[in-house]
Amino acid sequence: MRVLLAGGAGYVGTHTAIALLEAGHEPVMLDDLSNTSRVVTERVAEITGTSVPLVVGDAADDEIIESVFDEHGPFEAIIHFAALKAVGESVERPLDYYANNLDTTYALLRVGLAKGIRSFVFSSTGTVYSDPADLPFTEEATRDLVELSNPYSKSKLMNETVLADVQNAHPELNVTLLRYFNPVGAHESGLVGEDPKGVPNNLMPFVARVAVGVLPEVGVFGDDYDTPDGTGQRDYIHVVDLAEGHVKALENAHPGLVAYNLGTGNPVSVLELITSFEKAVGRELPKAMKPRRAGDLAATYCTPIKAERALGWKATRTIDDMTRDVWNWQQKNPGGYEG
Ligand code: WQD
């Protein structure tokens with residue numbers, strides 16, 4: 001099927017475009033390139049042998065979305081990746097986060113419904129869960145908006161509310177909420193990977209830039225959490241497993257609204273991730289203990305059993321696969337896509 005990927009030239013979108021092509025689908029990317037590079041389309045073509053159309057524009061602009069439908073449609077489905085997504089940054093820029101992360105959804109729904117799409121897949125997040133007493137998080141563990149610690153997570157939960165009400169008014173629409181845990185890793189070719197602009201907020205790309213010599217040392221944000229080694233635990237999922245989950249979700253979509261946790265269910269600590277990365281690199285990496293980061297939970301990880309049963313999908317790649325693939329990408333692209 002032909003699928004519009006809003007924010008599709010980003011980290012998860014690019015890997016999903018590859019997985020869609022490999023499954024025989026026809027993705028088209030709409031992206032404002034605010035956190036990626038148009039080089040990704042060349043890399044996708046090198047990997048798959050297929051050129052994916054990329055329209056550069058704002059996914060919150062109805063006229064731009066309509067022009068994509070007119071030029072590259074019709075589309076059976078929209079996958080909505082386009083969002084600002086740094087937890088810490090969202091606390092400093094709430095208006096940008098609420099405006100961007102909601103206006104894109106409004107515009108994509110307005111145009112998508114008018115053009116008769118059947119499915120809407122939404123890039124949501126495991127940070128919509130907040131109560132450690134609910135670990136490992138199932139899809140029923142969402143709590144009230146006010147329980148969430150940051151505008152990013154709140155914007156995602158607000159999106160889920162909007163989508164539920166829109167689906168209620170359009171019973172024929174398939175809405176799938178994919179709650180990602182921590183996407184990391186890179187395609188095995190090393191041709192595409194995570195390339196955040198500026199100094200990375202997230203651990204894995206930060207460690208990768210220390211390993212390749214671009215940054216001096218890794219700061220470990222807190223070693224006094226109530227976890228086995230005192231450092232924060234997360235449910236890291238290989239981005240290719242995540243991409244394959246999107247294809248399964250699309251192919252199993254049906255009228256109604258459904259949410260799936262896309263994670264491994266295996267909590268990995270900061271020190272365990274760094275140790276795995278050092279194994280991939282073959283040497284120790286410079287690191288230093290730092291104070292906790294505001295807004296961080298000690299641990300967050302899911303039970304992915306619902307997606308496994310309903311979609312026939314399961315994350316299979318280990319943390320060592322993730323760090324090996326990230327190191328391969330970073331070595332081949334020490335300066336990212338722009339070199
Ligand atoms: C992971 C762990 C930090 C940086 C991310 C995305 C968010 C969402 C979930 C999709 C924590 C520690 C970090 C560093 C460190 N993804 N850390 N030193 O905060 O879980 O959120 O995944 O929806 O959008 O931002 O990921 O990689 O920032 O932190 O010690 O330099 O690493 O304290 O324990 P996080 P992260």
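Start at 1 with the first residue, then count along the sequence.
Counting only N and O atoms by type, the side chains of Y129 and R179 include a donor and acceptor under 3.5 Å apart. Using modelled atom types and a 3.5 Å distance limit, the side chains of S67 and D70 yield no donor-acceptor pair. E22 and T48 are not linked by any side-chain donor-acceptor pair at a separation below 3.5 angstrom, with hydrogens and angles left out of the test. Side-chain atoms of E89 and Y97 include a donor-acceptor pair closer than 3.5 Å. No hydrogens or angles considered: nothing links the side chains of Q233 and S269 as a donor-acceptor pair under 3.5 Å. Using modelled atom types and a 3.5 Å distance limit, the side chains of E26 and H72 yield no donor-acceptor pair. Side chain to side chain, H80 and S123 fail the donor-acceptor criterion of an N or O pair below 3.5 Å. There is no side-chain donor-acceptor pair under 3.5 Å between R293 and N201. Counting only N and O atoms by type, the side chains of N202 and K85 include a donor and acceptor under 3.5 Å apart.
For the pair V207 and I274, the tightest heavy-atom approach, listed with the atom from each and the gap, is CG2-CG1, 4.3 Å. For K154 against L148, the heavy-atom pair with the smallest separation is CE-O, 3.2 Å. Considering all non-hydrogen atoms of both residues, I237 and D241 come closest at CG1-CB, 4.1 Å. Of all heavy-atom pairs between N174 and S119, the closest is ND2-OG, 2.8 Å. Residues P196 and R209 approach most closely at O-NH2, 2.6 Å, considering heavy atoms. The two residues Y152 and L84 have their closest heavy-atom pair at CD1-O, 3.3 Å.
Summarising the geometry, atom CG belonging to N182 is positioned 10.5 Å from atom CG belonging to L242; distances are rounded to the nearest 0.5 Å. Here the OG1 atom belonging to T36 is positioned 7.0 Å from the NZ atom belonging to K197, to the nearest 0.5 angstrom. Summarising the geometry, atom CG belonging to D235 is positioned 7.0 Å from atom CG belonging to N266; distances are rounded to the nearest 0.5 Å.
Y180 and H246 have their aromatic ring centers within a separation under 6.0 angstrom. In this structure, F137 has its ring center no closer than 6.0 Å to that of Y301.
Under the side-chain contact (heavy atoms from CB on, under 4.5 Å) criterion, K279 pairs with D320, sequence neighbours left out.
Between D296 and R234 there is a salt bridge, with a side-chain nitrogen of the basic residue lying less than 4.0 Å from a carboxylate oxygen of the acidic one. The pair E217-K287 does not count as a salt bridge, with every side-chain nitrogen at least 4.0 angstrom from each carboxylate oxygen. By the 4.0 Å N-to-carboxylate-O rule, D325 lies too far from R317 to be salt-bridged with it.
More than 12 heavy-atom neighbours from other residues, nucleotides or ligands sit within 6.0 angstrom of CZ on R283. Enclosure of atom CG in D165 by more than 12 non-hydrogen atoms of other residues, nucleotides or ligands within 6.0 angstrom is indicated. Under a cut-off of 6.0 angstrom, the local environment of CD in E251 is crowded, with over 12 non-hydrogen atoms contributed by other residues, nucleotides or ligands. Shown here is E172, whose CD atom has more than 12 heavy atoms of other residues, nucleotides or ligands within 6.0 Å.
By the 4.5 Å heavy-atom criterion applied to side chains, D195 and Y11 are not counted as neighbours. The shortest side-chain heavy-atom distance between D134 and R143 falls under the 4.5 Å cut-off.
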Step-by-step salt bridge (charged side-chain N to carboxylate O under 4.0 Å, His left out) determination, R292 to D223: CA-CA 8 Å; R292 292 182 176 191; D223 60 356; over 6 Å; no

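Screening E76, H25, M1 for a side-chain contact (heavy atoms from CB on, under 4.5 Å) with L250, the sole residue that qualifies is M1.
In this structure, K306 is positioned above the aromatic face of Y260, its NZ or CZ under 6.0 Å from the six-membered ring centre and within 45° of the axis.
Without hydrogens or angle criteria, D61 side chain to E63 main chain gives a donor-acceptor distance under 3.5 Å. The backbone N or O of T318 lies less than 3.5 Å from no partner atom in the side chain of H238, so there is not a single donor-acceptor pair. At distances below 3.5 Å, at least one donor-acceptor pair connects side-chain atoms of D229 with backbone N or O atoms of T231.
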